[in-house]
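The shown structure was predicted, so the numbers you read here are calculated from the model rather than taken from an experiment. Side chains are part of it too, since the values below use all heavy atoms of this structure and drop only hydrogens, waters and symmetry mates.
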Amino acid sequence: PEAVALPQGLEATLRPYQLRGFAWMYKNSRIGFGSIIADDMGLGKTLQVIATLLKFKEEGYLDKKKALVVVPTTLLTNWEKEITRFAKTLSAYIFHGSNRKLPEGDFDVLLTTYGIARSDQKSLAKQKWYTLVIDEAQNIKNPGTAQTKALKKIKADVRIAMSGTPVENRLSEYWSIMDFSNKGYLGSQKVFQKEYAYPIEVEQDQERLQHFQKATSPFILRRLKSDKSIISDLPEKVSTDEYCQLSKEQAALYQNVVDEVMKQMENKQGIERQGLVFKLIIALKQVCNHPAHYLKRGKPAPKLSGKSHRLTELLHTIFSNREKVLIFTQFREMGKLLQQIISTEFHTEALFLHGGCSRKQRDTMVEDFQNNPAVKTMILSLKAGGTGLNLTAASRVIHYDLWWNPAVEAQATDRAYRIGQKQKVFVHRLLTQATFEEKINRMLQEKRELADMAVSQGEQWLGELPDKDLKKLFALN
């Protein structure tokens, strides 16, 4: 293939794989195709896309029609800063906030969020767009949602989807993103389900999988940072399972919860039964986190929870080494309890980034954590802090409770393990011994296809287990 010259105004040196990504997106656009850039988290997808947008500008494609970039709210500031840093001649306008107005003046790129794209879809659809870029494209993985439908109605000559995890749970998500970037290429959702999803996911048909990969490979680019031929200057990532003992209080609570919910589950079928299994998982996760998390009362003394006790031990070492740490939990209530524990035990305040934080609060927290030596700890709720953030000041990552979806867990870890990281990254996964947490982890380790296939079903597959297996899974050993 012929080389594509970088835009003259780009103020960055692209790595060889980034040059290939830029050229690939540009060439696809010239022959009328969209692209899905699905590089591993931290490999610089944003820079590659900015280079492509700048190339469009310099060749005149953004003169009459403009570029629309849709991102999660947490990434608005990041995109604005990256454009200013790498492409000063590319003028960006943020379309966000209660007093937002579409610009009448000259601009090249309109930056907005998924929420605004949904609520203001009609006004955005009236504009003429040369290119539509969506970041964290898993936000349109569900074809039936209003958000996905709104974005697919916005017309653009070129569509680019960015995602570190194009498939989190099932192949229909892949179809939805491909249907955005190259409308109709994989047929209707019904046809896709019959031709690809069912044979690959259910029958594990390797021939259909190979066919699927060949059919889609020209339009999706996926590079992994663990591949040393792609990038050699990232340090190692060391992951350790930290097994914790239940306290007496936790063990008693655990057994009571199992007995109560298993009794409710007798003779239940279908969705009602799955709902009870999910209720049991959430309740037991809370018990394993800390009795105060499940009971919604009492002080979060570390000695009352095996995980809290182990966390304080780890933090003593981390703080003694003057390292910074990210702590992930899927529960906002647990994040608040962790703040209390850290404040009481170490007389220091931990930042807490969760879904209720404003954009300004998030930006301030990220800036503090990255640049203030006194700020050592950031707690993040998995959904709010699992994507998009660059937190390379951390050399330690602690998963306080696990999501049981390897893609989601890896995304969270990649807040620290990404380009710009100069240290080894140590990942600690807290697991309570002799409980369902240890058993599910073992199942995922023994059945790696659950974790490593193109599709992993997260926690849903647990709801399908028969009563006998469920009792074994949730029994205290």
Would you indicate whether the side-chain heavy atoms of Val191 and Lys194 approach each other to under 4.5 Å? no
Flag, side chain of Ser343 to backbone of Gln339, donor-acceptor distance under 3.5 Å: no
Would you indicate whether the side-chain heavy atoms of Leu351 and Leu353 approach each other to under 4.5 Å? no
Assess the side chains of Asn78 and Asn390: does a donor N or O sit below 3.5 Å from an acceptor N or O? no
Around atom NZ of Lys296, are there more than 12 heavy atoms from other residues, nucleotides or ligands closer than 6.0 Å? yes
Going through the checks in order, is the side chain to side chain contact (heavy atoms under 4.5 Å, CB included) test met by Val366 and Thr77? CA-CA 11 Å; Val366 172; Thr77 304; over 6 Å; no
Would you find a donor on one side and an acceptor on the other, under 3.5 Å apart, between the side chain of Lys439 and the backbone of Lys472? yes
Can you confirm whether Leu380 sits close enough to Leu389 that some side-chain heavy atom of one is under 4.5 Å from a side-chain heavy atom of the other? yes
Measure the shortest side-chain to side-chain distance between Leu430 and Ile398 over non-hydrogen atoms and say whether it is less than 4.5 angstrom. yes
Tyr17 side chain to Leu43 backbone, donor-acceptor under 3.5 Å: yes
Please check this pair: side chain of Gln370 against backbone of Ala393, looking for a donor-acceptor N/O pair closer than 3.5 Å. yes
Trace of the side chain to side chain contact (heavy atoms under 4.5 Å, CB included) decision for Asp179 with Ile140: CA-CA 10 Å; Asp179 188 58; Ile140 63 157; over 6 Å; no
Without placing hydrogens or testing angles, list every side-chain donor-acceptor pair under 3.5 Å for residues 310-317, not counting sequence neighbours.
residue : atom : partner : partner atom : Å
Arg310  : NE   : Glu242  : OE1          : 2.9
Arg310  : NH1  : Glu313  : OE1          : 2.9
Arg310  : NH2  : Glu242  : OE1          : 2.8
Thr312  : OG1  : Ser308  : O            : 3.4
Thr312  : OG1  : His309  : O            : 2.6
Glu313  : OE2  : His309  : NE2          : 3.2
Thr317  : OG1  : Glu313  : O            : 3.4

Under the 3.5 angstrom rule, does the side chain of Lys45 hit a backbone N or O of Asp135 as a donor-acceptor pair? no
Heavy atoms of Arg396 and Asn321 approach each other most closely as NH2-ND2, 4.1 Å
Side chains of Glu438 and Thr432: do they bring a donor and an acceptor to under 3.5 Å? no
Are any of the side-chain heavy atoms of Phe180 and Leu132 separated by less than 4.5 Å? yes
Identify whether NZ of Lys or CZ of Arg in Lys376 sits under 6.0 Å from the centre of the six-membered ring of Phe319 and within 45° of that ring's axis. no
In a table with atom names and distances, give each donor-acceptor pair under 3.5 Å that connects a side chain of residues 256-264 to protein atoms at least two apart or in another chain.
residue : atom : partner : partner atom : Å
Asn256  : ND2  : Ala252  : O            : 3.4
Asp259  : OD1  : Gln255  : NE2          : 3.1
Gln264  : OE1  : Lys279  : NZ           : 3.4

For Arg100, does the CZ atom sit with more than 12 other heavy atoms under 6.0 Å from it, leaving out its own atoms? yes
Does the Arg222 side chain pair with the main chain of Ala38, one donor and one acceptor, at a distance under 3.5 Å? yes
What pair of heavy atoms forms the shortest contact from Ile116 to Leu124, and how long is it? O-CD1, 4.4 Å
Side chain to side chain, Asp205 and Tyr198, heavy atoms closer than 4.5 Å: no
With Thr73, which residues qualify under side chain to side chain contact (heavy atoms under 4.5 Å, CB included), at least two apart? His96, Thr113, Arg359
Considering all heavy atoms, the nearest Gly298-Ala292 contact: O-CB, 3.7 Å
Please confirm whether the ring centroid of Phe212 lies under 6.0 Å from the ring centroid of Tyr174. yes
Measure across Ile419 and Thr392 and return the closest heavy-atom pair with its distance rounded to 0.1 Å. O-CG2, 3.8 Å
Partners meeting side chain to side chain contact (heavy atoms under 4.5 Å, CB included) with Asn182 (sequence neighbours left out): Phe33, Met178, Tyr185, Phe219
Kindly determine whether Phe95 and Asp120 satisfy side chain to side chain contact (heavy atoms under 4.5 Å, CB included), including the steps that lead there. CA-CA 10 Å; Phe95 182 56; Asp120 292 25; 3.4 Å; yes
Give a yes or no on whether the backbone of Asn289 and the side-chain of Tyr400 come within a donor-acceptor separation of less than 3.5 Å. yes
Could I get the full list of side-chain hydrogen bond (donor to acceptor under 3.5 Å, both in side chains) partners for Ser395, not counting sequence neighbours? Glu323
Please check if the number of heavy atoms outside Lys422 that lie under 6.0 Å from its NZ is greater than 12. no
Would you find a donor on one side and an acceptor on the other, under 3.5 Å apart, between the side chain of Asn142 and the backbone of Thr145? no
Do Met265 and Lys471 have side chains that approach each other closer than 4.5 Å (heavy atoms only, starting at C-beta)? no
With a 3.5 Å distance limit and no angle check, can you tell me whether Lys237 reaches the backbone of Val427 through a side-chain donor-acceptor pair? no
Residues, nucleotides or ligands: over 12 heavy atoms within 6.0 Å of Glu203 CD: yes
Ile341 and Pro302 have their tightest heavy-atom pair at CG2-CG, 4.0 Å
Non-hydrogen side-chain atoms of Tyr254 and Phe436 separated by less than 4.5 Å: yes
Taking only residues two or more places apart in sequence or in another chain, which ones pass ring-ring contact (aromatic ring centres under 6.0 Å, His included) with Phe331? His293
Is the backbone of Leu304 close enough, under 3.5 Å, to the side chain of Ser247 for a donor and an acceptor to pair up by distance? yes
Looking at every heavy atom in both Lys285 and Leu402, which two are closest together, and how far apart are they? NZ-O, 2.8 Å
In sequence, state the C-alpha distance, the side-chain angles, and the governing distance for Arg208 and Glu195, and then conclude on side chain to side chain contact (heavy atoms under 4.5 Å, CB included). CA-CA 8 Å; Arg208 292 308 296 162; Glu195 293 292 321; 3.7 Å; yes
Which class fits the ring pair His428 and Phe426: parallel under 30°, tilted 30 to 60°, perpendicular over 60°? parallel
